[in-house]
Amino acid sequence: MKLTVLLLTVVLCSLQVEAEQVKFGALCSGNPGNTKRGCDIRWGCGNYGASRKRKDGSTYKHLGLDIVCKDGATVYAPFDVILRGKAVPYRVNNAINDGVTLSGGGLCFKLFYLHPDKYTGTVKKGQKLGKLLPMQKVYPGITSHIHVQMCNPNVNPTQYF
Ligand code: ZN
């Protein structure tokens, strides 16, 4: 009896761990393993918490994780998702100022630099969400990418990759 309880506890605990380790499915055509963006000489690094500099010299933290994706590539839903409206990275508009807020996999997150086919409704995992915008026009030489940011920007999305 004690052994049965112990075994049940072990099984339930491992299920719990699995539930916490929800992982993003492939986000972009040409990058099935969700390869992360490293560092560019001119534009900094793609990791969460990377340092960024404003034109006035002040610094801030990169609050997302960048996943490699070529300009014009197809962006896929990483879970069965519900689209929750437009989300944009910049106050001043430019060619890549588009994106969407989503929920799926028990997470709420934003994807930037894509033009989604729609901003509301649902999309199944692996189906097309939209297309990556022309990032090279705005940041010449950068490793083009999708920016993944949790709705709570204090949460590091890297744990879900
Ligand atoms: Zn980013």
Side-chain angles (χ1 to χ4, degrees), residues 20-121 123 125-161:
E20 285 169 5
Q21 284 172 337
V22 57
K23 299 285 177 193
F24 276 65
L27 277 167
C28 183
S29 62
N31 183 8
N34 280 336
T35 298
K36 300 175 184 84
R37 175 185 165 226
C39 299
D40 300 303
I41 293 165
R42 195 168 158 200
W43 304 112
C45 303
N47 60 292
Y48 180 83
S51 185
R52 290 281 186 279
K53 215 173 211 171
R54 294 190 186 90
K55 278 178 185 161
D56 68 7
S58 63
T59 59
Y60 63 99
K61 278 186 176 178
H62 179 235
L63 294 175
L65 170 68
D66 295 340
I67 300 297
V68 172
C69 190
K70 291 206 164 84
D71 292 12
T74 301
V75 178
Y76 302 121
F79 308 102
D80 287 351
V81 293
I82 301 169
L83 309 180
R84 302 208 176 272
K86 187 170 182 171
V88 299
Y90 307 114
R91 271 179 222 166
V92 178
N93 202 30
N94 64 22
I96 60 171
N97 198 25
D98 202 354
V100 63
T101 301
L102 315 101
S103 53
L107 306 173
C108 177
F109 56 97
K110 295 166 194 263
L111 299 176
F112 291 157
Y113 309 133
L114 75 147
H115 179 61
D117 293 343
K118 57 185 184 180
Y119 295 100
T120 56
V123 182
K125 182 176 180 173
Q127 295 303 112
K128 186 186 174 202
L129 274 181
K131 263 175 77 173
L132 202 82
L133 289 164
M135 189 166 262
Q136 296 299 320
K137 279 189 186 163
V138 178
Y139 299 114
I142 200 169
T143 304
S144 288
H145 60 271
I146 302 167
H147 173 101
V148 182
Q149 182 170 314
M150 306 313 289
C151 294
N152 176 353
N154 297 317
V155 175
N156 184 343
T158 311
Q159 61 188 308
Y160 305 117
F161 282 83

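Both backbone and side-chain heavy atoms feed into the values below; hydrogens, waters and symmetry mates do not. Counting starts at 1 for both ligands and their atoms, in listed order.
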Sorted by chain and number, sequence neighbours left out, side-chain contact (heavy atoms from CB on, under 4.5 Å) with Pro153 holds for Leu63, Gln149
Pairs flagged by salt bridge (charged side-chain N to carboxylate O under 4.0 Å, His left out) wherever residues 23-48 is involved - sequence neighbours left out: Arg37-Asp40, Arg37-Asp66
If you look only at pairs with a residue in residues 125-149, which of them pass as a salt bridge (charged side-chain N to carboxylate O under 4.0 Å, His left out), with sequence neighbours excluded? Asp117-Lys128
Classify the side-chain pair Asn31/Tyr76 by whether it contains a donor and acceptor separated by less than 3.5 Å. no
The Zn ion (ligand 1): protein N, O or S atoms [distance under 2.8 Å]: His62 NE2, Asp66 OD1, His147 ND1
Can the ring centres of Phe24 and Phe109 be said to be less than 6.0 Å apart? yes
Only one of Phe112, Tyr113, Trp43 passes ring pair (Phe, Tyr, Trp, His ring centres under 6.0 Å) with His145; say which it is. Tyr113
